[in-house]
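Computed from a predicted model, the values in this text were never measured in an experiment. Heavy atoms only: backbone and side chains are in, while hydrogens, waters and symmetry mates are out. All chains are named by letter (A, B, ...) in the order of the sequence lines, taking the proteins before the strands, and each is independently numbered beginning at 1.
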Number of protein chains: 2
Amino acid sequence: MRGLDSIDRNIIRQLQLNARISNKDLAEAVGLSPSACLRRLTSIEKQGYIRGYTALLGQGEDNDGITVIINITLERQAEDYLSRFEAAIRKFPEIQECFLMAGGLDYMLRIELDSAHEFERVHKDILSKLPGVARIQSSFSIRNVLKARP
Amino acid sequence: MRGLDSIDRNIIRQLQLNARISNKDLAEAVGLSPSACLRRLTSIEKQGYIRGYTALLGQGEDNDGITVIINITLERQAEDYLSRFEAAIRKFPEIQECFLMAGGLDYMLRIELDSAHEFERVHKDILSKLPGVARIQSSFSIRNVLKARP
DNA sequence: GGTGAAAATCAATCGGC
DNA sequence: GCCGATTGATTTTCACC
């Protein structure tokens, strides 16, 4: 972030905390006029510092939501295997995060579901259709101790 | 998502794709009037289906940050061990997420660092001070494939 | 970076189904 | 109950200083 000053960083931080904040409130939070703030945000986006904005799924009022952590090993480490897999990943909004892990071929995914039985659908419609997968290991979270904080 | 129909799901999906979409555009995307759309969104949020909205950072040249996934096993499963551990977790802002996993005593943590060598400090100041820990296994992410939708 | 005004959007209210 | 229309308030988006 060499090209960004502390106000720019603050803008990004505010948007991480709440991406749907209005430009007016954002400007107030960082101590600028709305027009100056919008100019900066447009510039920040144009420079590619922000890749997008997304909604983080909750668990619903009945609180039976569930987090599934999935470790995936690919058949081969060839670059085209990685890129085909990663392109496929991006098509499914249920997938909240995906990390390429060091020390192996493992990808780690986090998926948010509304209930445990929905996992069957996810396995059939998503996991089994990812290309070049050798092995899948899924772990269920029974409680979200600490929610993501930006 | 028992309480949500297909339009509600579509609203959520659109917000996952772009959390900063205006209500007017959101309404158009799901085929409703703005007022009906806003009513639904308010209700969806109130029911807790959406935990929040966040900005996804780009892969700019600044991206020397690193994600560490840490699996922790406690010495005992007694309730006071769990609650002491979880209380300790909340004190460290480096810890972004913490899940209590099914099928064992494992907690899974995600930590975000500015650089890899910072892990030494984290291990010394945070991980080694968590109470009741029997075993720690850390995995480094070398690339964040998906933070969510672009 | 700030100001101001036109344009666009939001949010509350209304009647109809 | 849910929808769309309306409307006054608020916000965004410019040109200009």
Side-chain angles (χ1 to χ4, degrees), chain A residues 1-65 93-94 112-115 118 148-150, chain B residues 1-58 60-62 147-150:
Chain A
M1 296 203 182
R2 276 182 297 283
L4 303 183
D5 64 14
S6 66
I7 296 181
D8 291 327
R9 288 168 213 261
N10 199 199
I11 288 174
I12 290 174
R13 182 182 158 76
Q14 295 299 327
L15 286 166
Q16 283 186 278
L17 289 166
N18 173 21
R20 276 185 78 73
I21 190 175
S22 73
N23 179 63
K24 174 187 165 289
D25 290 347
L26 179 59
E28 192 172 318
V30 303
L32 286 178
S33 70
S35 61
C37 185
L38 183 60
R39 270 196 300 266
R40 277 176 179 261
L41 177 52
T42 305
S43 164
I44 288 168
E45 289 174 338
K46 196 163 292 176
Q47 290 176 264
Y49 287 105
I50 292 176
R51 180 163 149 245
Y53 303 96
T54 197
L56 305 172
L57 300 189
Q59 321 261 62
E61 62 183 355
D62 42 355
N63 215 27
D64 62 351
E94 289 91 342
E112 294 291 335
L113 304 177
D114 295 301
S115 62
E118 213 188 322
R149 45 184 180 195
Chain B
M1 297 204 183
R2 276 186 298 284
L4 302 184
D5 63 15
S6 66
I7 296 180
D8 291 325
R9 287 168 213 261
N10 199 201
I11 287 174
I12 291 173
R13 186 182 162 79
Q14 295 298 325
L15 286 166
Q16 284 186 277
L17 290 166
N18 173 21
R20 276 184 78 73
I21 190 174
S22 73
N23 180 63
K24 174 185 164 287
D25 290 348
L26 179 59
E28 192 173 318
V30 302
L32 283 181
S33 71
S35 61
C37 185
L38 184 60
R39 267 196 303 269
R40 278 174 179 263
L41 177 53
T42 305
S43 164
I44 289 168
E45 289 174 338
K46 195 163 296 178
Q47 290 174 75
Y49 287 106
I50 292 176
R51 168 159 42 100
Y53 304 96
T54 196
L56 310 172
L57 300 189
E61 47 279 1
D62 66 293
K147 290 172 185 166
R149 263 94 276 290

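Summary of the strand contacts: B/Ile7 and B/Arg20 both lie near DNA chain D, and taking for each the nucleotide with the nearest heavy atom, the more 5' one is attributed to B/Ile7.
Taking the side chain to side chain donor-acceptor pair (under 3.5 Å) definition, one finds that B/Glu45 meets it with B/Tyr53, sequence neighbours left out. Residues passing the side chain to side chain donor-acceptor pair (under 3.5 Å) test with B/Asn10, sequence neighbours excluded: none.
Across all non-hydrogen atoms, the minimal contact from B/Ala19 to A/Ala19 is CB-CB, 4.2 Å.
Residues in residues 16-33 of chain B take part in no salt bridge (Lys or Arg N to Asp or Glu O under 4.0 Å) pair, two or more places apart or across chains.
Taken residue by residue, residues 23-42 of chain A places heavy atoms nearer than 4.0 Å to DNA chain D at A/Asn23, A/Lys24, A/Ser35, A/Leu38.
Interatomic distance, OH of A/Tyr49 versus CG of A/Leu4, reported as 4.5 Å (0.5 Å rounding). Atom OG1 of residue A/Thr54 and atom CG of residue B/Leu15 lie 8.5 Å apart, to the nearest 0.5 angstrom. Distance check, rounded to the nearest 0.5 Å: CD1 of A/Ile12 to CD1 of A/Ile50 gives 5.0 Å. A distance of 12.5 Å separates CD of A/Gln16 from CZ of A/Arg9, quoted to the nearest 0.5 Å.
At its two ends the helix from C/dG1-D/dC17 to C/dC17-D/dG1 runs along axes set 30° apart, each axis drawn from five pairs and the angle rounded to 10°.
With a cutoff of under 4.0 Å to any heavy atom of chain A, the contacted region of DNA chain C is bounded 5' to 3' by C/dG1 to C/dT3.
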May I have the list of side-chain donor-acceptor pairs in residues 37-44 of chain B shorter than 3.5 Å, sequence neighbours left out?
from    : atom 1 : to      : atom 2 : distance (Å)
B/Arg40 : NH1    : B/Asp5  : OD1    : 3.0
B/Arg40 : NH1    : B/Asp5  : OD2    : 3.2
B/Arg40 : NH1    : B/Asp8  : OD1    : 2.8
B/Arg40 : NH1    : B/Asp8  : OD2    : 3.4
B/Arg40 : NH2    : B/Asp5  : OD2    : 3.2
B/Thr42 : OG1    : B/Leu38 : O      : 2.8
B/Ser43 : OG     : B/Gln47 : NE2    : 2.9

